[in-house]
Amino acid sequence: MGIRALRKISFFHLSFLSVTFFITLLLLLAIGSLFFVPSWEDVAQNIWSPEMRYSLRLSLITGFISTALVMLFALPIGYALSRFHFWGKGFVKTITDMPVAFPELVLGLCLLLVFGSTFVGDFLNSIGLNFVFTRKGVAAAQFFTALPYAIRIMKSTFDYIDPRMEFISRSLGYSQFETFFNVSLPLAKNGILASTVISFARCIGTFGTVLILAGGSYMKTEVLPITLYLNISYGNMGMALTSGIVLMVVSFLAIFIFEKTEVGF
Amino acid sequence: MGIRALRKISFFHLSFLSVTFFITLLLLLAIGSLFFVPSWEDVAQNIWSPEMRYSLRLSLITGFISTALVMLFALPIGYALSRFHFWGKGFVKTITDMPVAFPELVLGLCLLLVFGSTFVGDFLNSIGLNFVFTRKGVAAAQFFTALPYAIRIMKSTFDYIDPRMEFISRSLGYSQFETFFNVSLPLAKNGILASTVISFARCIGTFGTVLILAGGSYMKTEVLPITLYLNISYGNMGMALTSGIVLMVVSFLAIFIFEKTEVGF
Amino acid sequence: MIFSGAGLIKPMEEMRHNFEQKHNIRTDVHYGGSGEIFACLAAGQPADVFIPGAEKYTDDALKNGWVIKETIHKLVLHEPIIVVPMGNPANVNGLMDLTRPGVKVAVGDPKAPAIGRVTKQIFEKNGISEKINPNITVLAPTVNQLLIYVALRQVDASIIWKDLTSWAEEKGKLEVVPIPKEKNIIQTIPTAVCTNAPNKELAVKFNDYIASEEGMKIWTKWGYEPCGK
Amino acid sequence: MSFLKIEDLHLNLGEFFLQEIFITLQQGDYLAVIGPTGAGKTLLLESIIGFWKPDRGRIHLVGKDITDELPEKRRIGIVYQDYALLPHFTVYENIAYGLKKKEKEKKRIREKVNRMAAALQIDHLLHRTPTTLSGGEQQRVALARALIVEPKLLLMDEPLSALDPQTRREARSLLRKIISGSHTTVIHITHDLDDAWALANKVAIFKDGKMMQFGLLQDVFHCPTNRFVADFVGATLLEGKVEERKEGFTIIHVDDFHLVSLDESTIGESVRVAIRPENIVVCKSIPKDISAQNIIRAKVEEILSEGTTCVLCLKANHTAFSVFVANNAVERLDLKQNDAVYAVIKASNVRIV
Amino acid sequence: MSFLKIEDLHLNLGEFFLQEIFITLQQGDYLAVIGPTGAGKTLLLESIIGFWKPDRGRIHLVGKDITDELPEKRRIGIVYQDYALLPHFTVYENIAYGLKKKEKEKKRIREKVNRMAAALQIDHLLHRTPTTLSGGEQQRVALARALIVEPKLLLMDEPLSALDPQTRREARSLLRKIISGSHTTVIHITHDLDDAWALANKVAIFKDGKMMQFGLLQDVFHCPTNRFVADFVGATLLEGKVEERKEGFTIIHVDDFHLVSLDESTIGESVRVAIRPENIVVCKSIPKDISAQNIIRAKVEEILSEGTTCVLCLKANHTAFSVFVANNAVERLDLKQNDAVYAVIKASNVRIV
Ligand SMILES: Nc1ncnc2c1ncn2[C@@H]1O[C@H](COP(=O)(O)OP(=O)(O)OP(=O)(O)O)[C@@H](O)[C@H]1O
Ligand SMILES: Nc1ncnc2c1ncn2[C@@H]1O[C@H](COP(=O)(O)OP(=O)(O)OP(=O)(O)O)[C@@H](O)[C@H]1O
Ligand SMILES: [Mg+2]
Ligand SMILES: [Mg+2]
């Protein structure tokens with residue numbers, strides 16, 4: 001915050017902090033307990049298996065790509081929903097929120113139907129974008145899973161930014177695009193951070209959508225959640241839990257580093 | 001926005017709006033395509049089946065309860081993360097973000113481990129809170145699935161609210177609690193809206209967590225996503241897709257009504 | 001494009017590899033829960049071979065006209081067994097013990113995963129359906145849940161497929177209580193070629209290959225019992 | 001061709017209407033806009049810059065109709081009433097922001113910013129972010145940001161209100177220097193009439209969304225056309241009738257006395273005359289050897305002290321008017337309430353409006 | 001017991017230090033805090049209200065140490081420099097907000113708010129939200145919000161800066177009325193020395209984080225203790241030596257002339273004398289029958305016109321000082337540069353500091 005305000009510890013602080021620490025503890029307990037189910041040799045051995053390495057790499061690559069794409073779309077859409085007035089805006093807002101409510105299986109089916117053998121799919125196919133049962137499909141599935149969250153957070157963030165700041169930049173001769181980059185985005189920093197964290201986490205964690213659209217092909221479209229699922233399905237809980245633990249560690253590191261970059265106003 | 005600014009249609013508007021409409025169209029197509037798979041008689045007939053009615057009711061009840069609980073916790077935690085400085089804050093932020101990254105299956109496993117037969121679970125059991133294989137477990141699973149999103153959005157929202165507004169209320173004699181209710185919350189309206197929409201959607205849509213923690217038993221802990229999955233397993237695609245469609249309609253209505261209440265500053 | 005039950009991944013991968021070498025082609029195997037791959041078929045996704053975890057799915061697919069009746073082969077046996085957490089806290093030694101009051105049993109939903117129907121049939125066959133009802137703590141829509149519940153000691157016993165137990169047994173998470181053959185109902189894993197297979201010729205070849213002698217050797221190697229004869 | 005031409009501007013905000021605004025400025029004009037709070041001064045500025053879309057009327061800049069132009073195309077500089085600094089930029093970046101658009105060379109930008117900051121005494125703050133600045137510091141940053149791009153038209157909304165008198169005087173002379181150097185046309189909203197006196201050549205007076213008077217500084221301050229403007233600029237407005245014209249003088253009968261003016265008029269006409277309080281000299285006895293044509297006997301009704309200055313409320317029979325003097329004058333003349341005095345006014349200071 | 005006692009307050013903000021502030025106020029005191037922009041005036045207020053935690057020093061209110069007290073326990077009213085109205089409340093709710101905490105009866109709240117709003121002429125705005133208000137309207141809402149709770153201590157940061165002269169005068173008299181009625185103690189930051197003259201009984205002058213002088217209004221304005229304060233309040237400060245004392249008069253030798261003062265001092269001491277520019281009367285000839293003891297011959301170096309007033313820069317041999325007159329006086333005396341004049345100063349206005 002930059003401000004060094006008077007800080008006498010009050011009941012207010014204590015109560016809010018205790019709620020915070022209570023939930024943190026509960027989550028920590030929940031997360032930590034998973035570490036104690038598999039044996040350590042098991043984890044150590046599984047962690048270096050080619051399958052694990054493959055799926056970790058694919059998770060990271062697709063995770064980064066789809067998060068980048070999500071933000072690329074969420075920024076203009078969130079901005080448009082916050083600033084512009086246009087016909088059907090309420091409807092658009094609802095539609096972009098809706099996928100959050102879908103079970104991953106349903107969202108996967110929806111995407112499969114669109115990208116499968118419809119004219120959209122055929123068109124995309126013809127320009128080399130085949131999403132069904134491919135690695136591109138993994139990214140596509142993650143993209144559509146995370147996008148609604150990012151849009152909603154960005155909209156709410158831009159709502160909190162005074163449009164006059166943008167107007168000032170324009171009155172100094174900068175175009176609306178330049179203003180968007182010079183003023184709107186920097187001011188939305190904290191919101192962008194929040195939606196990037198959530199998007200990335202959602203991307204690497206989503207399972208059902210990827211499974212249906214990209215297929216759970218061994219060592220092909222296999223990301224960490226799929227590894228987890230496939231291994232549980234034939235009873236190899238050791239490998240499954242190892243991939244769960246890898247996923248946790250990856251997300252912990254990614255989020256921790258992200259959150260560290262946070263700034264106050 | 002309340003302001004009626006000069007609005008000459010520019011390339012900037014057009015490009016942002018076209019991105020928005022492009023994605024909306026794509027989502028609409030994806031959502032709509034699901035409607036055309038089952039036959040209409042099928043849907044009409046399934047929609048009044050006792051199973052569907054049961055799971056719709058359970059979905060709505062648990063969804064509302066857990067959304068309310070999520071907001072009840074997310075508001076103080078988001079506020080604490082935004083305003084207070086305390087030891088281990090970075091760690092707490094990361095831990096509360098992490099569950100977003102977990103596949104639902106993993107989160108379910110974690111919750112099961114905690115609420116199952118550990119001291120936490122035993123303690124909760126003794127005060128009548130049994131979350132394993134019960135309807136309470138459905139709400140608990142939804143709660144923990146949605147909570148991280150809500151916390152992150154609320155933190156980012158409070159970051160955008162000038163702490164001096166709160167200070168003014170305090171200098172007029174209101175306690176920190178009163179100030180929180182009179183000033184912080186009303187100013188965070190748009191952020192609260194965003195996180196409520198996302199929480200509710202996430203709550204009624206989550207499948208894996210509910211499945212593992214609450215068991216997903218027919219007509220007992222059966223919420224809409226479970227109905228969908230159960231019926232796919234029965235090979236009853238009609239019923240499965242009907243529950244998918246019901247879920248869509250419910251979320252559309254809920255989100256649409258919510259979004260309508262939005263206000264500008 | 002092959003749709004296969006996720007539990008069959010190990011032998012499938014090997015057979016796929018061999019098949020690719022032999023015919024010098026590329027195949028894609030799409031693993032998933034039986035229900036999920038069934039849903040993909042239902043969504044009209046073109047597939048060549050369909051290998052779910054239980055006959056029920058093939059039957060349903062046949063009813064909808066998605067697979068070709070003549071190409072259905074029964075591949076290997078799928079044997080249900082009783083599993084209990086390590087140390088057998090409720091002291092379950094046979095089917096009858098499941099009916100003892102206070103024993104927490106997790107079973108598959110009779111209509112959902114293949115194991116559910118089989119379990120129900122086993123109970124019926126042994127005349128304990130009524131008595132066991134109060135003990136059923138959870139009716140699970142997926143078989144994975146059953147494994148998890150037992151391995152994490154949330155229930156006292158469950159009935160699942162034998163091939164799911166290897167890791168947990170090895171790691172000392174659970175114990176297996178076999179069901180005598182005469183009280184058991186043993187299932188088979190089927191394969192079939194899809195009606196709208198894009199590469200019908202190869203599909204038929206693969207379908208036959210996994211049911212062949214050579215295929216059976218691989219199944220056996222991964223601990224499956226051929227049902228051929 | 002006029003530089004800025006505002007024609008019949010109307011702006012309807014539901015509860016407030018800005019109406020019938022006609023303003024024409026030539027290049028280099030300096031317009032002071034004054035008026036009570038809530039008169040619509042800020043709205044006028046925001047309409048010119050393009051924040052509001054007028055409901056009626058057109059705005060022309062250098063002959064071009066800019067009413068529907070995008071704000072970034074107007075190239076109008078503005079200093080906002082609440083500064084509106086960009087919080088994510090440092091002071092340096094705030095000042096340089098507009099300049100960067102015109103000037104590509106880093107070194108020259110740095111030079112110019114430094115020079116401007118030094119002139120406004122904010123050079124020690126260049127690395128700070130705006131939220132850590134005091135009110136007056138923020139205001140000078142806002143001023144620097146607008147001045148540095150040397151806009152052809154500069155709009156300023158109370159740009160000196162948060163400055164102490166000394167800094168304000170310096171800022172005024174800086175403004176005068178910069179503006180005369182670059183032939184900038186300025187519209188300057190102010191509550192401080194001294195700003196207007198020191199800087200402006202034209203004045204517009206607003207009230208309740210209407211423009212009450214617009215014209216040259218001297219005209220508005222000396223010849224207010226209605227009572228509101230007269231009161232606002234502190235002049236006295238009297239009603240009278242032209243009785244006689246001789247030797248270039250106009251003699252006006254006002255209530256209980258006569259006034260001599262240099263302005264022309266026709267005999268018999270009803271006129272209003274304006275007199276500025278600082279143009280009236282008060283004496284205790286009829287002064288000798290004085291060139292002023294008007295000497296009016298009056299009574300001191302009230303002495304209002306305002307810091308270092310005083311307003312004397314005088315009454316000649318039934319006509320009240322006020323005189324503006326420094327405190328020392330009151331002391332020197334030993335004025336007390338109800339004293340009889342003589343008000344001396346030059347004919348050139350009696351203006352027919 | 002003093003009402004407010006600030007003892008040795010220090011606040012370190014890295015680049016700016018507020019240091020060694022000692023202020024003692026009695027109940028009912030009205031303190032005007034003046035000083036150039038960026039002097040630390042706002043920081044002082046924010047320290048008293050509890051926004052900043054001082055690095056050293058204590059603040060006592062009615063004998064109670066409030067340095068570490070929570071802001072809501074201090075019950076101090078404040079008007080912020082940038083108003084800080086709550087954007088989600090209407091004007092009515094903003095004004096009523098603090099009152100609701102004390103007064104439970106709806107009807108009385110409504111009455112009080114209406115009365116206060118009417119007095120500040122914002123009663124037609126009660127249903128609006130603050131973002132739609134003009135600068136001056138917002139300022140009056142902030143003023144109303146602070147005044148209505150009748151705090152025992154009221155802090156105001158330039159509360160009248162956005163008002164036009166007329167409204168400002170009205171607001172001042174309203175302030176005076178409310179405050180004298182409720183015995184409120186006030187600290188009022190202002191750039192307008194007239195505010196200080198009109199309202200304050202004590203003055204504190206700040207510069208660069210230090211308090212340069214603190215005392216009664218008359219003392220500070222008439223006897224500035226250092227050059228900075230003298231310049232800031234516009235007084236002339238001269239160095240001299242006491243030569244003689246007789247009949248209660250002190251005669252001081254200043255450079256090229258002598259000054260007679262009523263203040264006491266010891267012979268031979270080096271002293272500084274302060275003279276306020278509005279206490280000097282300028283004549284063209286030596287005035288007769290005048291009671292003033294000091295008559296100094298000087299030359300008009302420069303005439304600086306400031307709107308309706310003028311500053312005459314005079315020089316007597318090598319000593320420069322300035323005189324403050326209304327424009328009409330210049331005209332009446334027909335003053336031009338280099339004219340020889342007599343500066344007349346009463347002995348009571350020559351203050352030894
Ligand atoms: N968005 C708005 N909606 C409704 N009324 C508005 C809006 N903005 C301003 N007003 C009203 O218009 C009037 C003029 O406002 P404006 O800001 O132009 O005043 P101003 O002359 O600049 O006053 P000040 O000297 O106090 O800044 C005010 O009464 C104000 O309440
Ligand atoms: N958060 C901060 N961090 C660092 N410096 C600060 C901070 N806040 C204020 N300052 C500095 O402290 C000095 C005093 O600030 P303050 O706001 O008290 O000035 P002021 O006397 O109120 O001036 P003005 O009349 O312009 O409002 C300024 O130079 C300002 O830059
Ligand atoms: Mg204004
Ligand atoms: Mg200040």
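Lettering follows sequence order; numbering is per chain, from 1. These values consider heavy atoms only, across backbone and side chains, with no hydrogens, waters or symmetry-generated copies.
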Is it the backbone or the side chain of A:F143 that comes under 4.5 Å from a heavy atom of chain B, or both, or neither?
side chain

Interface residue of largest heavy-atom contact number with chain B, from A:F36, A:F73, A:F167, under 4.5 Å
A:F73

Geometric class of the A:F177/B:F11 ring pair [parallel <30°, tilted 30-60°, perpendicular >60°]:
tilted

To the nearest 0.5 angstrom, please state how far the CG atom of A:L29 sits from the CZ atom of B:F115.
9.0 Å

Interatomic distance, A:S82 atom OG to B:N190 atom CG [nearest 0.5 angstrom]:
8.0 Å

Okay, A:I95 and chain B: the region with an atom under 4.5 Å from a heavy atom over there is both

Looking at B:F180, B:F144, B:Y229, which makes the most heavy-atom pairs under 4.5 Å with chain A?
B:F180

In Å, rounded to the nearest 0.5 Å, how long is the span from CD1 of B:I77 to CZ of A:F22?
9.5 Å

Any heavy-atom pair between the side chains of B:T94 and A:F252 that's under 4.5 Å?
yes

Does the side chain of B:R152 come within less than 4.5 Å of A:E259's, by heavy atoms?
yes

Side-chain contact, heavy-atom cut-off 4.5 Å: A:P103 with B:T206?
no

Between B:S156 and A:T157, does the side chain to side chain contact (heavy atoms under 4.5 Å, CB included) criterion hold? Intermediate values first, please.
CA-CA 8 Å; B:S156 157; A:T157 300; 4.3 Å; yes

When only pairs under 4.5 Å are counted, which of B:L224, B:L28, B:L107 shares the most heavy-atom pairs with chain A?
B:L28

Hey, mind stepping through A:Y160 and B:I161 against side chain to side chain contact (heavy atoms under 4.5 Å, CB included) and telling me if it holds?
CA-CA 8 Å; A:Y160 280 96; B:I161 293 174; 4.3 Å; yes

With a 4.5 angstrom heavy-atom cut-off, which part of A:I153 approaches chain B: side chain, backbone, both or neither?
side chain

Would you please indicate yes or no on a ring centroid separation below 6.0 angstrom for B:F256 and A:F91?
no

Are A:F84 and B:T20 packed together at the side-chain level, in the sense that at least one heavy-atom pair is separated by less than 4.5 angstrom?
no

What part of A:I23 is in contact with chain B, defined as an atom under 4.5 angstrom from a non-hydrogen atom: side chain, backbone, both or neither?
side chain

Quick one, B:M248 and A:V106 - any side-chain contact, counting heavy atoms below 4.5 Å?
yes

Toward chain B, the part of A:V37 with a non-hydrogen atom under 4.5 Å
side chain

Of all residues at least two apart in sequence or in a different chain, which pass the side chain to side chain donor-acceptor pair (under 3.5 Å) check with B:S184?
B:E166

Would you check, one step at a time, whether the test side chain to side chain contact (heavy atoms under 4.5 Å, CB included) holds for A:Y149 with B:I198?
CA-CA 7 Å; A:Y149 299 87; B:I198 283 201; 3.8 Å; yes

Please round to the nearest 0.5 Å and tell me the distance separating atom CZ of B:F12 and atom CZ of A:R83.
9.5 Å

State, yes or no, whether a side-chain contact exists between A:F102 and B:I31 at a heavy-atom distance under 4.5 Å.
yes

Could you walk me through whether B:I255 and A:M98 pass the side chain to side chain contact (heavy atoms under 4.5 Å, CB included) check?
CA-CA 7 Å; B:I255 296 171; A:M98 268 180 76; 4.2 Å; yes

Heavy atoms, side chains only, cut-off 4.5 Å: are B:L109 and A:L241 in contact?
yes

Shortest non-hydrogen contact from A:S33 to B:L113?
OG-CB, 3.4 Å

So what's closer than 4.5 Å to chain A heavy atoms on B:V197: side chain, backbone, both or neither?
side chain

What option among A:S195, A:C203, A:G191 has the most heavy-atom pairs under 4.5 Å with chain B?
A:G191

So which of B:L17, B:V100, B:L25 has the biggest tally of heavy-atom pairs under 4.5 Å with chain A?
B:V100

For chain A, which of B:V120, B:L247, B:I151, B:L81 has the most heavy-atom pairs under 4.5 Å?
B:L247

Go through B:A194, B:P225, B:S15 and name the one with the most non-hydrogen pairs under 4.5 angstrom from chain A.
B:A194

Look up atom CD in B:Q176 and atom CZ in A:F16, then write down how far apart they are to the nearest 0.5 Å.
9.0 Å

Pick from B:F200, B:F21, B:F207 with the largest number of heavy-atom pairs that fall under 4.5 Å of chain A
B:F21

